[in-house]
Enquirer: 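Could you have a look at this structure, given as structure tokens, before my questions?
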Number of protein chains: 2
Amino acid sequence: MAVDKTRHRYIVNHMVKYSINSLDAVFSALGDGTRRAILARLAEGETRVTDLAAPYEMSLPAVSKHLRVLEAAGLVTKRKQGRVIYCSLQPQPLMGAADWIAFYRSFWERKFDALASYLDKTADTSPKPANADDQGKEQNDG
Amino acid sequence: MAVDKTRHRYIVNHMVKYSINSLDAVFSALGDGTRRAILARLAEGETRVTDLAAPYEMSLPAVSKHLRVLEAAGLVTKRKQGRVIYCSLQPQPLMGAADWIAFYRSFWERKFDALASYLDKTADTSPKPANADDQGKEQNDG
DNA sequence: CCCGTAATTAACCTTTTCATTAAATATCTG
DNA sequence: CAGATATTTAATGAAAAGGTTAATTACGGG
């Protein structure tokens, strides 16, 4: 049942094709720490607006506006149940953004390979990285 | 140490550690189509400011400002040779952005798996997949 | 029905962004 | 040096972003 990489690629292309979200909106939406934190929270699951707003010192309307931005970028959808509105992460546009970045992957890898040999050659004198392991996973930026 | 993953991972962490760029600046910089186009051009290689500006209708100072934004985000560096300034793509911050997005990968893959089964069931006949993965009451265990 | 809660909208303010044109700086060249 | 070229800085302005408080809409429950 696992979906292979090709399958994913297909799906991504499919979605990009049908996506109404512009990269402008998606990247701009990601350009605010509060909004990234909201997405991080939503990655844990559907959350109500009030709960989403609780951790912040800013007012509820401010959070509401951030949610509108995220919604406009297609990153968040809302579901109303009674007077409560539940927000969910909608990851497809993130995938579009990731795709854009991935387009340059071969370029950077060339760069990184070059840097790698540089580091190999200068191993004696180059500064050592203190904690090289889990950084990528701790990106949970608030 | 734990450089066990890949050489690249090591390098990326190294760079992240020494990077002065915030995700805010990087994602915001990417939130403008002109700037993304500039980066795309720079991915082909070092380019002078004037050449970079040529394809656009906007004035040279406008492009210059975009370059300043990209430079502030750490995405572009400049090299002066005589009166000409050559710009280069600096991909490390893009990597940081990609890492941020990748943090949610497991979440989306669950989504995409759901969509994949949808697509399997509906073949190619349906040209409107947009909300096929309506996540209303989806579980979260991540 | 009234009241409290959930959330948005309205009105407003300040700061930032994105663009412009004109002037300045720096450099190459005849 | 004079003049052309490459690029930035300055001054300016409109629009968007991000925040506030107050008012409003919409429900739910005694």
Side-chain angles (χ1 to χ4, degrees), chain A residues 21-42 45-90 93 141-142, chain B residues 21-42 45-89 93 136:
Chain A
N21 316 112
S22 73
L23 285 175
D24 277 36
V26 174
F27 278 125
S28 295
L30 295 178
D32 181 283
T34 301
R35 286 194 292 263
R36 284 198 308 280
I38 288 174
L39 293 179
R41 174 82 185 263
L42 289 179
E46 233 185 14
T47 310
R48 327 184 225 201
V49 172
T50 306
D51 292 347
L52 231 34
Y56 307 105
E57 297 210 353
M58 74 182 72
S59 65
L60 193 59
V63 172
S64 186
K65 278 187 184 179
H66 281 304
L67 286 171
R68 220 167 355 99
V69 171
L70 290 168
E71 205 177 4
L75 287 161
V76 160
T77 51
K78 293 175 182 171
R79 172 177 73 88
K80 191 170 180 180
Q81 181 179 314
R83 60 187 160 176
V84 175
I85 293 182
Y86 291 92
C87 301
S88 303
L89 174 59
Q90 213 62 33
D141 155 72
Chain B
N21 316 113
S22 73
L23 285 175
D24 277 38
V26 174
F27 278 125
S28 295
L30 295 179
D32 181 283
T34 300
R35 286 193 293 261
R36 284 197 308 281
I38 288 174
L39 293 179
R41 174 82 185 263
L42 289 179
E46 233 185 15
T47 310
R48 330 183 218 202
V49 172
T50 306
D51 291 348
L52 231 32
Y56 306 104
E57 297 210 353
M58 75 182 72
S59 65
L60 194 58
V63 172
S64 186
K65 279 187 186 178
H66 281 304
L67 286 172
R68 217 165 2 97
V69 172
L70 290 167
E71 204 177 5
L75 288 161
V76 161
T77 50
K78 293 175 181 171
R79 173 176 74 87
K80 190 171 182 180
Q81 182 178 314
R83 62 186 160 179
V84 176
I85 293 182
Y86 291 91
C87 302
S88 303
L89 175 60

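Convention: sequence-line order gives letters A, B, ...; per-chain numbering from 1.
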Enquirer: At what distance, to the nearest 0.5 angstrom, does CG of L75(A) lie from CG of L89(A)?
Expert: 7.0 Å
Enquirer: Check the distance between dC28(C)'s P and I85(B)'s CD1 and give it to me in whole angstrom.
Expert: 12 Å
Enquirer: Give the rounded distance in Å between these two atoms: CG of D24(B) and C1' of dT16(C).
Expert: 13 Å
Enquirer: Out of dT8(C), dT20(C), dT8(D), which nucleotide sits closest to the side chain of M58(B)?
Expert: dT20(C)
Enquirer: Specify the separation, in whole Å, of atom CG of L67(B) and atom P of dT8(D).
Expert: 7 Å
Enquirer: Expressed as a whole number of angstroms, how long is the span from L60(B):CG to dT21(C):P?
Expert: 12 Å
Enquirer: So, do H66(A) and I38(A) sit near enough that their side-chain heavy atoms are less than 4.5 Å apart?
Expert: yes
Enquirer: Would you say a side-chain N or O of H66(B) is under 4.0 Å from OP1 or OP2 of dT17(C)?
Expert: no
Enquirer: On DNA chain D, check which nucleotide each of K65(A) and K80(A) is closest to and give me the residue with the more 5' one.
Expert: K65(A)
Enquirer: If you measure from the Lys or Arg side-chain nitrogens to the Asp or Glu carboxylate oxygens, is any gap between D51(A) and R41(A) under 4.0 Å?
Expert: no
Enquirer: Think R83(A) has a side-chain N or O under 4.0 angstrom from the OP1 or OP2 of dT25(D)?
Expert: no
Enquirer: Between dA26(D) atom C1' and K78(A) atom NZ, what is the distance in whole Å?
Expert: 15 Å
Enquirer: Is the side chain of T47(B) donor-acceptor paired with the backbone N or O of G45(B) at a distance under 3.5 Å, no angle test?
Expert: yes
Enquirer: Is S59(B) near enough to dT20(C) that one of its side-chain N or O atoms lies under 4.0 angstrom from OP1 or OP2?
Expert: yes
Enquirer: Specify the separation, in whole Å, of atom OH of Y56(A) and atom P of dT20(D).
Expert: 13 Å
Enquirer: Is there a donor-acceptor pair closer than 3.5 Å between any side-chain N or O of R79(B) and the backbone N or O of E46(B)?
Expert: no
Enquirer: What is the distance, rounded to the nearest whole Å, between atom CZ of R48(A) and atom C1' of dT8(C)?
Expert: 17 Å
Enquirer: Rounded to the Å, how far apart are D32(B) CG and dT17(C) P?
Expert: 11 Å
Enquirer: Reading DNA chain D from 5' onward, which residue's closest nucleotide shows up sooner: G82(A) or R35(A)?
Expert: R35(A)
